[in-house]
Amino acid sequence: MNSNRLTFSTSLKSTLFCTILIWGLNLLCFTNYNDIHLSSISLMLLALILSAIPIFIVIYLMILLTITPFYIYEINKLSRKEIFKKYFPYYAIAFFGICLFIGIHYSQLFFINFLISAFLTAMQTWVWFFNSKKILVKN
Amino acid sequence: MKNIYNLIAALIFSTIFYQQSIGLNLLLFTILTTCILLLTHFKSFKSKQTLFISCCYLATGIAVFFHYSTLVLIANLISFVTLIGSISEEKNSIYIKWLNGIYTTIVAYFANYFENENTQTSNSINRKLVIIHWLKIVIPSIIIIVLFISLYKQGNPMFNKLITNIDLSFINFQWILLTILGYYLFNNITNPIKIEPATEIDLKTGNSLNYISPKKAVKTVNEIQLGTTLLILLNGLIILYLVTDFVFLFKINQLNAVELSQQVHSGVYSLIVSIVLAIGIILYFFRGSLNFNSKNKNLKKLTYLWLFLNLVVSIITAIKNLEYINSFGLTYKRVGVLIYLTLTIIGLTTAYIKVSKIKNFWYLIRKNTQIAFIILILFSTLNWDKIITNFNISYAQQTDVDYLLNLTDNNTLLLHSYAEKSPKINNYYKEKINDKYVNYVNKLKNNTWKEIVYDNFKIN
């Protein structure tokens with residue numbers, strides 16, 4: 001698949017994943033369920049849809065700058081699975097280190113939720129990005 | 001079965017850590033992790049190395065209960081990661097175990113998921129399709145039900161009252177999230193993975209240099225000449241340095257605190273640079289074919305002499321440091337210098353073995369990281385705050401009470417009993433020590449059972 005198309009399609013999936021995760025975590029941590037009315041739900045849905053736009057831009061840029069280069073550089077020499085196995089461990093450790101560093105300095109719950117969402121999204125993005133066509137092994 | 005273990009472990013994890021500070025809970029977590037790993041990877045524990053690492057992990061967990069400090073916490077985390085790495089692949093070097101341990105702990109779920117996705121059986125695809133099918137039913141239903149509840153709440157006051165009266169406050173979502181995090185953690189560590197390229201390279205790399213025939217090694221004559229000249233000059237220089245240092249050592253009693261401190265610190269800094277250079281030069285010259293050249297005997301002797309002279313510099317610095325400690329008491333920095341000197345002596349010994357037994361660069365890295373790990377575990381099991389306080393009030397010629405007051409709470413009970421008994425201490429410090437004691441005792445009394453430490457039993 002073309003790298004631009006792959007970046008775009010993975011960004012869409014990751015945006016949905018990250019938006020649900022970040023909203024879900026913050027709603028679970030900060031919402032008082034007795035105060036929810038229809039008007040607040042419609043506002044919340046609007047905010048959720050609107051928030052997906054900046055999330056998409058950030059994720060698209062992140063994939064383009066930190067994941068696609070590995071794909072472009074290695075795709076002619078290695079299979080997708082091999083690229084994943086070669087670079088994903090170090091990417092994951094570095095990403096976790098950065099999140100941990102920020103988390104120690106800004107330990108408010110909102111930031112922690114944000115960092116958890118960012119970390120899980122980045123890891124799932126790698127899985128989607130390098131997932132090759134499923135090989136069926138008949139039992 | 002593994003999932004049941006993970007679920008039970010996750011429930012215990014969130015129960016002992018939710019809104020709690022560190023204490024007995026970390027020891028319980030250490031025991032829990034070891035038990036879960038024993039149940040799920042019993043075979044790995046047959047290896048002596050894994051067994052040793054798990055003992056180190058348990059020792060740091062016990063140390064947290066007896067004297068919690070940042071050093072013990074770091075040692076506990078490092079031994080946890082080492083144990084997980086050892087279960088991933090027990091034959092690896094310790095630094096690869098650290099990498100595998102971190103990788104497993106943080107993302108084993110994703111790596112295993114990727115592996116499954118790329119080698120799926122028809123059964124697992126069917127199972128996945130069933131899950132997706134149910135998710136497609138459940139998620140839209142929940143969204144629509146929530147929407148309609150909100151709609152009816154506005155349309156009917158009775159219905160609104162009924163819904164409002166449903167009290168969901170007993171559900172603690174943060175606790176649930178912590179349980180999910182615990183499940184993720186235990187799921188990761190019970191399904192260990194490894195960084196394949198790094199693990200394979202490490203397993204293939206031995207400790208000895210590949211043999212090169214003496215005929216090919218003849219080409220290194222120029223290098224032997226350069227090495228011999230350089231080491232003669234360096235040995236001469238270090239002997240001159242040692243002579244001046246010995247002269248200084250005889251005058252050590254005439255120096256005041258500031259001068260002695262300056263001398264010890266500059267001695268340590270120069271020693272750091274000297275040792276790094278020494279090992280760097282040795283690694284450069286003894287990197288390959290020179291080791292197999294029959295004319296390398298003089299160079300080897302000069303290298304041994306240089307290593308020995310560096311050892312003497314380390315011992316002189318240790319004497320200066322001990323004199324400093326004797327006069328002005330023990331501090332963390334001075335303990336740090338002693339630890340550094342211990343590591344230096346070990347580093348010089350491994351460098352000697354590298355040259356004499358024709359080992360490679362990886363031998364040095366492997367042995368030194370292993371020893372550094374053991375020293376970290378050994379030193380973290382000691383209650384340094386108590387040792388420092390005990391030494392300073394019992395043996396040091398001068399006691400810096402301000403310094404002792406700034407240490408962690410691990411020395412509070414000892415300091416309090418000292419203030420009560422000693423006539424030397426003035427009222428100003430007695431009051432400050434009492435304040436520290438009262439605050440600490442209050443903190444201990446407020447501890448829940450999950451947060452209790454060994455000192456809790458002392459105050460009762």
Filtered by a 4.5 Å non-hydrogen cutoff, the part of residues 71-96 of chain B contacting chain A is none

Check whether A:Phe130 gets within reach of chain B through its side chain, its backbone, both or neither, counting any heavy atom under 4.5 Å.
both

Tell me, for A:Leu109 versus chain B, whether the close heavy atoms (under 4.5 Å) come from the side chain, the backbone, both or neither.
side chain

Residues B:Glu115, A:Lys85: salt bridge by 4.0 Å N-O rule:
yes

I'd like to know if B:Asp202 and B:Arg366 make a salt bridge, using a cut-off of under 4.0 Å between side-chain N and carboxylate O.
yes

Can you run down the ring-ring contact (aromatic ring centres under 6.0 Å, His included) pairs that involve residues 5-28 of chain A, sequence neighbours left out, and say none if there aren't any?
A:Phe8-A:Phe56, A:Phe17-A:Trp128

Can you tell which part of [X] gets under 4.5 Å to a heavy atom of chain A, answering side chain, backbone, both or neither?
X: B:Tyr113; value: side chain
X: B:Ile193; value: neither
X: B:Leu177; value: side chain

Per-residue tally against chain A (heavy atom, under 4.5 Å) across B:Thr105, B:Ile106, B:Ile102 peaks at B:Ile106

Going by distance alone, is a donor N or O of one side chain under 3.5 Å from an acceptor N or O of the other, for [X] and [Y]?
X: B:Ser69; Y: B:Thr408; result: no
X: A:Thr68; Y: A:Thr7; result: yes
X: B:Asn25; Y: B:Gln20; result: no
X: B:Thr199; Y: B:Glu196; result: no

Around atom CZ of A:Phe114, are there more than 12 heavy atoms of other residues, nucleotides or ligands at under 6.0 Å?
no

May I ask you to check whether over 12 heavy atoms, not counting those of A:Lys13, lie within 6.0 Å of atom NZ?
yes

Most contacts with chain B, counted as non-hydrogen pairs under 4.5 angstrom, among A:Leu25, A:Ile93, A:Leu45:
A:Ile93

